[in-house]
Amino acid sequence: MKEMSMGAPEVVLLHSNDIHSRLEQAARMATYIAETRRSYGSDHVLTVDIGDHMDRMRLETEGSSGLVNIELLNAAGYEAVTLGNNEGLTFTPEQLQEAYNGASFATVCANMNSMGQDSPLWLMPHTIIRKGRLRIGLVGVTAAFAEFYRLMGWEVRDPLLAVSEQVEQLRADSDVVVVMSHLGLTLDRRMAQEIAGIDLILGGHTHHLLMEPEMIGETCICGAGKYGDYMGRVEIRWDDIASRPMFRASCVPMAAYEEQPEAAAIIGGFKKAAQRRLSRVVTRLSAALPARAERESPLGNLLAAGLRRWTDAEIGIVNAGQLLGGLAEGDVTEGDIHALCPSPINPCRMLLAGTAIRRALEEALLGEFIDKEIRGFGFRGTVLGTLAVDGLDIIWDPNRASYDKILSITVQGEPFDDNRHYRIGTIDMFTFGIGYETIKGGTEIQYFLPEFIRDVLSAELVNREALERCGASRWHISTLESMN
């Protein structure tokens, strides 16, 4: 595709994605957006977001149920957004409706519908926005985690089928057809190959940074990385001879831009409100509850016990790295629990073979797993950590070889059977094959949404019996060199 370099662009399209509540970066973007508007005029600048703007690990987002993100998007002058999994799967439909009802932009997602009823008024499959002399048709789609969405009350369809349907509708009434895709780069490439009529794909979800766009056929694919480090910029010119749009795409680093004062004030106001909202005291501890990623600790045991009880399982298993700190003696607030367990990870129950459980327990004794850095899949910690367990007693020998350190295991007092399948309460992250990969092999998986593991922890913290038991060891060291 040739590039036109003569004259000013008809439209400058700015796009962000996967900000994950890095709110200060959003404030820097607001400065860049305002500068671009001053240079070209508001009628020639279109700003869109490709999803995962919200992330409940951030105090202001958690404390406002995402309203701080909507206010920042409104104030910056965004005109269209789509939903990422961090919006659709970590907030209830009621919370999303409350947040997006206050949006001054179009919320566009073609493959997401309320189950058994019409889509909510705040959500539309596409929109057309006129900028300069161009009609820009925008389709939004999000990653189809169908089983999870079903538990949240949403029906999520095949995104490529949804795009194909919407492009067919838009093509006749649009000069430029743009897909706002929270699907990831692999599906973006497939979309460009399989669906005719798409001029531009603006991508997210897999955090891919394309400093130069990819061209597949006549479709231009862009992506601006993650966390607001870059803002995507597409200059659109119109070729009158060919009667088609021409694109010049790039990614602009945000580090040099100051936070817009108005945006910073929004963040500050929501921070104070969130601190007040999350100051509710959940419980008062008579003793501290330490948490350690590298070895067994009372708070890790408490969370594992909570997962076992919450899911009505025989065994509770969770990686200790989910906890970013312990709790001191005294009052424990909702804000304290959010700070030490910010990950939007859900409980789940499954049947898992004894051999797979044993393998994961052996891995939990090895530094390569304990210190393994994990990114994505809802995890907001740093390292995987060892395994915290409940319902098990494990005797192990640190002097034995890797994968042969465990001498014996009992399950609620009964001998462990490698050939049996056990009902375990654990976390959804493991079902994606992240960290302790053998846990992915579970069957009859049931996810518990919209609860997060911090909700499980909150319930355990007011359970006196659970607090008394969490200090008891599940992992016991033997000094025997071998067992005859």
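None of these values were measured; they are calculated from a predicted model.
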Show your reasoning for whether salt bridge (Lys or Arg N to Asp or Glu O under 4.0 Å) applies to R309 and D390. CA-CA 10 Å; R309 267 187 282 274; D390 189 65; 5.2 Å; no
Please lay out, stage by stage, how R58 and E24 fare under the test salt bridge (Lys or Arg N to Asp or Glu O under 4.0 Å). CA-CA 11 Å; R58 181 70 183 236; E24 290 75 18; 2.7 Å; yes
Salt bridge (Lys or Arg N to Asp or Glu O under 4.0 Å) between R189 and E194, worked out: CA-CA 9 Å; R189 289 168 174 159; E194 296 181 2; over 6 Å; no
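To the nearest 0.5 Å, the span separating OG on S65 from CG on L96 amounts to 9.5 Å.
With hydrogens and angles disregarded, a donor-acceptor distance shorter than 3.5 Å links the side chain of T82 to the backbone of V108. Checking side-chain atoms of S64 against main-chain N and O of E60 turns up a donor-acceptor pair under 3.5 Å. Remark: the backbone N or O of I50 is not paired with any side-chain donor or acceptor of N17 at under 3.5 angstrom. Of the possible donor and acceptor atoms, none in the side chain of S473 sits under 3.5 Å from a partner among the backbone N and O of H476. In this structure, E62 contributes its side chain and H338 its backbone to no donor-acceptor pair below 3.5 Å. Between the D18 side chain and the H205 main chain, a donor and an acceptor come within less than 3.5 Å of each other. Here the side chain of E314 pairs a donor or acceptor atom with the backbone of R423 at under 3.5 angstrom. Between the side chain of N319 and the main chain of L384, a donor-acceptor pair closer than 3.5 Å is present. One N or O on the side chain of N101 and one on the backbone of Q97 form a donor-acceptor pair closer than 3.5 Å. Under the 3.5 Å distance criterion, the side-chain polar atoms of E294 are left unmatched by any main-chain donor or acceptor of G385.
Y257 does not carry R28 over the face of its six-membered ring by the limits of under 6.0 Å from the centre and within 45° of the normal. Geometric assessment of R56 against the ring of F91 yields a positive cation-pi assignment under the 6.0 Å and 45° thresholds.
Between Y422 and F416, the ring planes lie parallel to each other; the angle is under 30°, not in the 30° to 60° tilted range. Taking the six-membered ring where the residue is Trp, F369 and Y436 present parallel rings, their angle staying beneath 30° rather than reaching 60°.
Side chain to side chain, T355 and D418 fail the donor-acceptor criterion of an N or O pair below 3.5 Å. No hydrogens or angles considered: nothing links the side chains of N346 and E451 as a donor-acceptor pair under 3.5 Å. At a cut-off of 3.5 Å, with distance as the only test, a side-chain donor of S16 or Y78 sits close to an acceptor on the other residue. Between the side chains of T61 and D55, no donor N or O sits under 3.5 Å from an acceptor N or O. Side-chain atoms of D428 and T431 include no donor-acceptor pair closer than 3.5 Å.
Taking the six-membered ring where the residue is Trp, the centroids of H182 and H53 are separated by 6.0 Å or more.
For CZ of R420, the number of neighbouring non-hydrogen atoms (other residues, nucleotides, ligands) closer than 6.0 Å is greater than 12.
Checked for salt-bridge contact, D393 and R474 miss the test: no charged N lies under 4.0 Å from a carboxylate O.
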